[in-house]
**Student:** 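Can you keep this structure in mind? I'll have questions shortly.
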Amino acid sequence: TVINLDASAFGIEAELTAKPVSGLTLQLGVSYLDSEVKDVPLPDLVTIEDHELPQAPRISANALARYEFPLGGAGRASVQADLQYSDKFCFTVLCAPVECESSYVVGNLRVGYAADDGRWEVAAFVDNVFEEEYRVYAFDSSLFSGVVAGVYAKPRTFGISGTYRFGAAR
């Protein structure tokens, strides 16, 4: 059964971008969310007075540092690191213990080279550098089927990417 319950949310978000020296970009973002769903009925007919919205962490943050510099006379190299933080949250409004996700931090690294005209770029990357284990989805259907579904994010991933932009150069 799907029902629409009264809910409220209040939040604030701030982002800051700085370029303190030529080629260096620093970015920082943080958000705060206070949410509430009222009168949530549980399967055993008990009602929870107030509960947080699902998939809505109270605090989330991100940071990025990127440095670009000329290399080889016909292009620009770049080195980048970024982090994302998510506070704990629940995947559903019922928030069964198996549907709770702990806070986590995910880090990524990237090194690239782009042509001066912006038409092409190659990069090597490592995503989830710290090999953080966290779920991107979970649902407790154990009451009905005996199964708890969960989908985990990708583990540490290495790769090479290539981009070619058709049309006018920048």
**Student:** Are V111 and F158 linked, directly or through other ILVMFWY residues, by side chains that come within less than 4.5 angstrom of each other?
**Tutor:**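 No, V111 does not connect to F158 through the hydrophobic network.
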**Student:** Going by salt bridge (Lys or Arg N to Asp or Glu O under 4.0 Å), name the pairs with one or both residues in residues 90-102, residues two or more places apart or in two chains.
**Tutor:**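 Residue pairs with at least one partner in residues 90-102: E101-R135.
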**Student:** As a quick check of understanding, evaluate side chain to side chain contact (heavy atoms under 4.5 Å, CB included) for V30 and L28, giving each step before the final call.
**Tutor:** CA-CA 7 Å; V30 65; L28 184 63; over 6 Å; no
**Student:** How close do A138 and T92 get, heavy atom to heavy atom, and via which atoms?
**Tutor:**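 Closest pair (atom of A138, atom of T92, distance): O-CG2, 4.4 Å.
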**Student:** Does the side chain of R66 come within less than 4.5 Å of S78's, by heavy atoms?
**Tutor:**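 Counting from C-beta outward, S78 and R66 do come under 4.5 Å.
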**Student:** Is there a side chain to side chain contact (heavy atoms under 4.5 Å, CB included) between F91 and Q55 once you walk through the steps?
**Tutor:** CA-CA 5 Å; F91 285 100; Q55 300 183 41; 4.0 Å; yes
**Student:** Please check if the side chain of R165 supplies one atom and the backbone of G118 the other of a donor-acceptor pair under 3.5 Å.
**Tutor:**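 Yes, R165 side chain to G118 backbone: donor-acceptor pair under 3.5 Å.
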**Student:** Which side-chain N or O atoms in residues 10-21 pair as donor and acceptor under 3.5 Å with protein atoms at least two apart or in another chain?
**Tutor:**
none

**Student:** Given the rule that I, L, V, M, F, W and Y join up when any side-chain heavy atoms are under 4.5 Å apart, are Y137 and V148 in one cluster?
**Tutor:**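 Hydrophobic grouping puts Y137 apart from V148.
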**Student:** Are V105 and Y32 connected into the same hydrophobic cluster when the rule is that any two of I, L, V, M, F, W, Y join if their side-chain heavy atoms are below 4.5 Å apart?
**Tutor:**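 Linked, Y32 and V105 end up in one cluster.
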**Student:** So which atom in G73 and which in D116 form the shortest heavy-atom distance, rounded to 0.1 Å?
**Tutor:**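 In this case the closest contact between G73 and D116 is O-OD2, 3.9 Å.
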**Student:** To the closest 0.5 Å, what do you measure between CZ (F89) and CD1 (I59)?
**Tutor:**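 Here the interatomic distance stands at 14.0 Å.
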**Student:** If I take atom CG from residue L64 and atom CD from residue Q84, how far apart are they, to the nearest 0.5 angstrom?
**Tutor:**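 Atom-to-atom, L64:CG and Q84:CD are 9.0 Å apart.
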**Student:** Would you compute the distance between atom CG of L83 and atom CG of N62 and round it to the nearest 0.5 angstrom?
**Tutor:**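 So the gap between those two atoms works out to 9.0 Å.
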**Student:** Given 3.5 Å as the limit, does a donor-acceptor pair link the side chain of T157 with the main chain of P155, or not?
**Tutor:**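 A pair under 3.5 Å: yes.
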**Student:** What pairs meet the salt bridge (Lys or Arg N to Asp or Glu O under 4.0 Å) rule with one or both residues in residues 138-151, with sequence neighbours excluded?
**Tutor:**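 Salt bridge (Lys or Arg N to Asp or Glu O under 4.0 Å) check on residues 138-151 returns no pairs.
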**Student:** Which residues satisfy the ring-ring contact (aromatic ring centres under 6.0 Å, His included) test with Y134, sequence neighbours excluded?
**Tutor:**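 For Y134 the ring-ring contact (aromatic ring centres under 6.0 Å, His included) partners, ignoring immediate neighbours, are Y104.
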**Student:** Enumerate, atom names and distances included, each donor-acceptor pair closer than 3.5 Å involving a side-chain atom of residues 121-131, sequence neighbours excluded.
**Tutor:**
unit_1, atom_1, unit_2, atom_2, d
E121, OE2, R110, NH1, 3.3
E121, OE2, R110, NH2, 3.1
N128, OD1, E131, N, 3.3
N128, OD1, E132, N, 2.8
N128, ND2, E132, O, 3.0
N128, ND2, K154, O, 2.9

**Student:** Please identify each residue that fulfils side chain to side chain contact (heavy atoms under 4.5 Å, CB included) with S103, with sequence neighbours left out.
**Tutor:**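 Partners of S103 under the side chain to side chain contact (heavy atoms under 4.5 Å, CB included) test: Y85, D87.
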**Student:** Minimum heavy-atom separation for L53 to S35, with atom names?
**Tutor:**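 In terms of heavy atoms, the two residues are closest at N-OG, 3.0 Å.
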**Student:** Begin from the C-alpha positions of E52 and C90 and carry the test side chain to side chain contact (heavy atoms under 4.5 Å, CB included) through to its verdict.
**Tutor:** CA-CA 8 Å; E52 292 181 351; C90 289; over 6 Å; no
**Student:** Tell me the closest heavy-atom pair linking V147 and S141, and the distance in Å.
**Tutor:**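 Distance-wise, the nearest heavy atoms are O-OG, 2.8 Å.
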**Student:** Does R58 reach the main-chain N or O of S31 with its side chain, forming a donor-acceptor pair under 3.5 Å?
**Tutor:**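 A pair under 3.5 Å: no.
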**Student:** Could you state whether L94 and V98 fall into the same hydrophobic cluster, counting links through intermediate Ile, Leu, Val, Met, Phe, Trp or Tyr residues with side-chain heavy atoms under 4.5 angstrom apart?
**Tutor:**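 Different clusters.
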**Student:** Do other residues, nucleotides or ligands put more than 12 heavy atoms under 6.0 Å from the CZ atom of F69?
**Tutor:**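 Counting other residues, nucleotides and ligands, CZ of F69 exceeds 12 neighbours.
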